[in-house]
Amino acid sequence: MAAITDEQVERVRALVASIPSGKVATYGDIAAAAALSSPRIVGWIMRTDSSDLPWHRVIPASGRPAAHLATRQLERLRAEGVLATDGRVPLRGDRCVRHVFDDEPSAR
DNA sequence: GACGTGACGCTAC
DNA sequence: AGTAGCGCCACGT
């Protein structure tokens, strides 16, 4: 059963909430940290969950979020201190995936 | 039960 | 380097 449980959602929420200002995480990294089956699931959770999570700190590995969100994303990120170049978020160095769960040995 | 859709990722050209 | 196509998983209709 490939149904997402509240636990998975809670995990993603915790990860996103653990992202410090001025830093951003990619869906893929969060999905891996949350042990999700696919990075798409993270996007689905964000879309469905209208929590106060800083979803704007979560960006795709391409550095270019969906057009309908890109504007909002970049503007919010800029307010956080993340300057986007040409509508592109610099994943280089700003990438920060807080492994809030020490269950991952790859957490360095 | 099946098809279409979607806050994505990676590889190939 | 940028663009295009395919693959992935879950949800909605």
Side-chain angles (χ1 to χ4, degrees):
Chain A
M1 41 216 271
I4 301 288
T5 68
D6 292 301
E7 189 174 287
Q8 294 291 92
V9 179
E10 189 179 347
R11 234 172 275 182
V12 176
R13 290 174 65 180
L15 286 159
V16 177
S18 69
I19 302 172
S21 303
K23 293 267 185 161
V24 291
T26 68
Y27 288 92
D29 285 358
I30 291 176
L36 287 175
S37 313
S38 180
R40 284 199 103 90
I41 309 305
V42 180
W44 170 79
I45 294 172
M46 293 300 217
R47 200 236 290 196
T48 54
D49 188 348
S50 301
S51 303
D52 299 307
L53 292 172
W55 59 270
H56 53 265
R57 287 181 193 157
V58 186
I59 59 175
S62 305
R64 188 181 82 142
H68 33 253
L69 303 172
T71 310
R72 196 85 118 179
Q73 272 277 25
L74 270 58
E75 189 173 316
R76 284 195 172 202
L77 288 171
R78 190 170 71 170
E80 295 287 313
V82 180
L83 273 293
T85 305
D86 189 58
R88 204 157 317 176
V89 181
L91 303 177
R92 187 257 200 73
D94 285 326
R95 228 195 275 186
C96 185
V97 185
R98 204 60 148 185
H99 287 239
V100 295
F101 306 103
D102 47 51
D103 194 17
E104 290 294 300
S106 299
R108 44 187 301 250

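Chain letters run A, B, ... following the sequence lines, proteins first, then strands; residues in each count from 1. These numbers come from the heavy atoms of this one structure, side chains and all, not from hydrogens, waters or symmetry mates. These figures come from a predicted structure and were not determined experimentally.
Distance alone, capped at 3.5 Å, is enough to place a donor-acceptor pair between the A:Q73 side chain and the A:V58 backbone.
Residues A:I4 and A:V9 are in side-chain contact: their nearest non-hydrogen atoms beyond the backbone lie under 4.5 Å apart.
Rounded to whole Å, atom C1' of C:dA1 lies 13 Å from atom CG of A:D86. When the C1' atom of B:dG9 is taken as reference, atom CG of A:L36 falls 14 Å away, rounded to whole Å.
Between A:E7 and A:R11 there is a salt bridge, since at least one side-chain N of the basic residue sits less than 4.0 Å from a carboxylate O of the acidic one.
Smallest separation of non-hydrogen atoms from A:A70 and A:P65: CA-CG, 3.7 Å. Here the shortest heavy-atom pairing between A:Q8 and A:A35 reads NE2-O, 3.5 Å.
Between A:R88 and C:dG2 there is a side-chain polar atom (N or O) within less than 4.0 angstrom of OP1 or OP2.
Counting non-hydrogen atoms under 4.0 angstrom, A:P60 reaches the backbone sugars and phosphates but no base. Contact annotation for A:R72: no contact, since no heavy-atom pair falls under 4.0 Å across all strands.
For the residue pair A:R88 / A:S62, no side-chain donor-acceptor distance below 3.5 Å is found, with atom types taken as modelled.
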Quiz prompt | Contact pattern, 5' to 3', of nucleotides 7-13 of chain C - B, S or - by protein heavy atom under 4.0 Å | solution = BBSSS--
